[in-house]
Amino acid sequence: MKTKQDFPSINERPPEGIRVDGTKVKVLIVDDSIFVAKQLGQILSSEGYEVVATAGDGKEGVDKYKELYPNIDVVTMDITMPRMDGITALEQIMAFDKDANVIMVSALGKEELVKKSLMLGAKNYIVKPLDRKKVLERIGASVK
């Protein structure tokens, strides 16, 4: 029976979520959709990222960010959520930590809100439905 050693990979590359020094990039996922949060978590975990916490709305996301600071490298933030929307949460996180690395997650048709969030300090955005390649590309670019 053949083993993995019998098939050297020509595409061998390190997982994107693990830095050169071997530490994992830590992520906070803020989304009111359990499905989207789980999907993001699976995509990121598969590349070595460590999901340190999830939050179901903006208020909880801000609280978790402050609680875990400075041990968060990236926040994925849904724009439309109950209690506190993602733009308000983004403003509060940026007021707390001007160097916060927040990636907005938005449904199609929310271009104005995405523009506003980028002007407020978000580093990038991801459009739903989620595309694995785009998620990794956008988050990876913001962590470098």
Side-chain angles (χ1 to χ4, degrees), residues 2-81 84-111 113-144:
K2 297 198 177 222
T3 63
K4 191 173 176 172
Q5 285 80 11
D6 294 321
F7 301 98
S9 176
I10 56 169
N11 295 324
E12 199 61 44
R13 61 171 183 70
E16 292 178 26
I18 299 179
R19 293 188 181 92
V20 181
D21 66 4
T23 60
K24 291 185 175 205
V25 175
K26 293 174 174 44
V27 183
L28 166 62
I29 296 173
V30 185
D31 203 303
D32 61 320
S33 164
I34 294 167
F35 174 75
V36 172
K38 190 175 183 108
Q39 197 180 10
L40 270 169
Q42 288 173 336
I43 290 169
L44 295 171
S45 297
S46 74
E47 276 296 325
Y49 290 89
E50 181 183 346
V51 177
V52 290
T54 56
D57 62 57
K59 171 83 177 94
E60 192 184 342
V62 171
D63 292 345
K64 287 227 165 117
Y65 188 86
K66 289 178 177 178
E67 175 191 324
L68 296 167
Y69 178 84
N71 296 318
I72 292 184
D73 301 307
V74 183
V75 178
T76 65
M77 178 77 68
D78 188 16
I79 289 182
T80 312
M81 293 180 287
M84 182 190 287
D85 65 76
I87 292 186
T88 306
L90 168 68
E91 287 176 310
Q92 290 188 13
I93 287 174
M94 295 309 290
F96 174 77
D97 173 16
K98 66 177 179 41
D99 297 320
N101 194 357
V102 182
I103 311 287
M104 303 308 283
V105 179
S106 153
L108 283 169
K110 303 270 190 215
E111 289 82 5
L113 293 173
V114 168
K115 273 186 208 162
K116 181 178 181 183
S117 63
L118 292 170
M119 288 169 51
L120 289 169
K123 301 291 186 267
N124 214 325
Y125 66 94
I126 299 165
V127 177
K128 293 189 245 184
L130 299 176
D131 172 274
R132 176 184 165 79
K133 189 173 179 228
K134 284 253 185 295
V135 167
L136 294 171
E137 190 179 278
R138 302 264 164 100
I139 291 179
S142 74
V143 176
K144 301 285 179 264

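Numbering starts at 1 and runs along the sequence shown. The figures here come from the full heavy-atom set of this structure, side chains too, leaving out hydrogens, waters and symmetry mates.
Heavy atoms from other residues, nucleotides or ligands lying under 6.0 Å from NZ of Lys59 number 12 at most. Other residues, nucleotides and ligands contribute over 12 non-hydrogen atoms within 6.0 Å of the NZ atom of Lys128.
Judged purely by atom type and a 3.5 angstrom limit, Asp78 has no side-chain atom pairing as donor or acceptor with the backbone of Val30. For Asn101 (side chain) and Ser142 (main-chain N/O), a donor-acceptor pair under 3.5 Å exists by modelled atom type. For Lys24 (side chain) and Val51 (main-chain N/O), no donor-acceptor pair under 3.5 Å exists by modelled atom type. Between the Ser45 side chain and the Gln42 main chain, no donor and acceptor come within less than 3.5 Å of each other. Panel note: side chain Glu47, backbone Glu16; a donor-acceptor pair is recorded below 3.5 Å.
Taken from CD1 in Ile126 to CD1 in Ile139, the straight-line distance is 4.0 Å, to the nearest 0.5 Å. We find the OG1-CD1 distance between Thr76 and Ile29 to be 5.0 Å, quoted to the nearest 0.5 Å. The structure places OG1 of Thr88 at 11.5 Å from CG of Asp57, a figure rounded to the nearest 0.5 Å. The structure places CD1 of Ile72 at 12.5 Å from NZ of Lys66, a figure rounded to the nearest 0.5 Å. We find the OG1-CG distance between Thr80 and Asp85 to be 7.5 Å, quoted to the nearest 0.5 Å. The structure places CG of Leu28 at 6.5 Å from CD1 of Ile93, a figure rounded to the nearest 0.5 Å.
Heavy-atom minimum distance, Tyr65 versus Ala100: OH-CB, 3.5 Å. Heavy atoms only, all atoms of each residue included: Met81 and Asp32 are closest at CG-OD1, 3.6 Å. Closest approach of Lys123 and Ile103 over heavy atoms only: CB-CD1, 4.3 Å.
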**OP:** Begin with the C-alpha distance, continue with both residues' side-chain angles, and end with the deciding distance and a verdict on side chain to side chain contact (heavy atoms under 4.5 Å, CB included) for Ser117 and Met77.
**Re:** CA-CA 10 Å; Ser117 63; Met77 178 77 68; over 6 Å; no
**OP:** Apply side chain to side chain contact (heavy atoms under 4.5 Å, CB included) to Leu120 and Met104, showing your working.
**Re:** CA-CA 11 Å; Leu120 289 169; Met104 303 308 283; over 6 Å; no
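Of the options Ile79, Val127, Val105, a side-chain contact (heavy atoms from CB on, under 4.5 Å) to Val114 is made by Ile79 and by none of the others.
No donor-acceptor contact under 3.5 angstrom links the side chains of Ser33 and Asp31, judged on distance only.
Contact check for Val52 versus Leu68: side-chain heavy atoms found under the 4.5 Å cut-off. At least one side-chain heavy atom of Met84 sits under 4.5 Å from a side-chain heavy atom of Gln92.
By the 4.0 Å N-to-carboxylate-O rule, Lys64 lies close enough to Glu60 to be salt-bridged with it.
Counting only residues at least two apart or on different chains, the ring pair (Phe, Tyr, Trp, His ring centres under 6.0 Å) pairs with a member in residues 92-111 are Tyr69-Phe96.
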